[in-house]
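Reading through the structure tokens given below for one structure.
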Amino acid sequence: MIIDPGADDRLDRAFMALADPVRRGIIARLSRGPATVNELAEPFAITKQAVSKHIQVLEHAGLVTRTRDAQRRPVHLDPAQLEALTAWIDRYRLIHEQQFRSLDALLAQDPGAHAEASVALHAPSAHAGDPAEPGAAAGHAREEN
């Protein structure tokens, strides 16, 4: 198995880029097709310069690319990098789903154990501080001399 030392760095950059709601909005818009900075700036109450900076962050993370089309410089979504993020997330999701399936199978083997565990969790317990015990308000029982 070959381990890519830059993979963690790429994941970090991508997740940091996606932490910003404006950048997530840009990604959502680009999922419908390429767009110019002006088109991407329309729904946001920020300057085109600020949108350009957000695009630079997304480019650095490898999530988008820019091309030159005469006078236009459309921004494109890079689906391969998004697929890499999805694959990373899915790996952990599948591990947890398997653990839940194992737990379900264990509970299905002895349905009474599930009911007993539920009753035990919700049953009142006697402990210090129980108002039914003398001296409990102080958190301990009184000593009688």
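Legend: residues meeting ring pair (Phe, Tyr, Trp, His ring centres under 6.0 Å) with Phe15, ordered by chain and number and at least two apart, are Trp88. For His76, the side chain to side chain contact (heavy atoms under 4.5 Å, CB included) partners are Pro34, Thr65, Thr67, Pro74, not counting sequence neighbours. Taking the side chain to side chain donor-acceptor pair (under 3.5 Å) definition, one finds that Glu97 meets it with Arg93, sequence neighbours left out. Residues that satisfy the ring pair (Phe, Tyr, Trp, His ring centres under 6.0 Å) test with Phe100, not counting sequence neighbours, are absent from this structure. Applying the side chain to side chain contact (heavy atoms under 4.5 Å, CB included) rule to Asp78 yields the partners Ala80, Gln81; only residues at least two apart in sequence or on another chain are considered.
In terms of hydrophobic clustering, with Ile, Leu, Val, Met, Phe, Trp and Tyr side chains grouped at heavy-atom distances under 4.5 Å, Val51 and Met16 are assigned to different clusters. Grouping the Ile, Leu, Val, Met, Phe, Trp and Tyr side chains by contacts below 4.5 angstrom, directly or via other members, places Phe44 apart from Val57.
When atom types are taken as modelled, the side chain of Arg13 and the backbone of His60 share a donor-acceptor pair closer than 3.5 angstrom.
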Tabulate below the donor-acceptor pairs under 3.5 Å that side-chain atoms of residues 21-33 make, not counting sequence neighbours, or state none.
| from | atom 1 | to | atom 2 | distance (Å) |
| --- | --- | --- | --- | --- |
| Arg23 | NE | Ala17 | O | 2.8 |
| Arg23 | NH1 | His54 | ND1 | 3.0 |
| Arg24 | NH1 | Leu18 | O | 2.9 |
| Arg24 | NH1 | Ala19 | O | 3.0 |
| Arg29 | NH1 | Gly33 | O | 2.9 |
| Ser31 | OG | Ala28 | O | 2.5 |

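The CD1 atom of Ile55 sits 12.0 Å away from atom NZ of Lys48, with the distance rounded to the nearest 0.5 Å. For the atom pair CZ of Arg73 and OG of Ser52, the computed distance is 9.5 Å after rounding to the nearest 0.5 Å. Here the CD-OG1 distance, from Glu83 to Thr86, works out to 5.5 Å after rounding to the nearest 0.5 Å.
The heavy-atom pair separating Ala14 from Leu63 by the smallest distance is O-CD1, 4.1 Å.
With a 6.0 Å radius and a threshold of 12 heavy atoms from other residues, nucleotides or ligands, Gln49 has its CD atom at or below the threshold.
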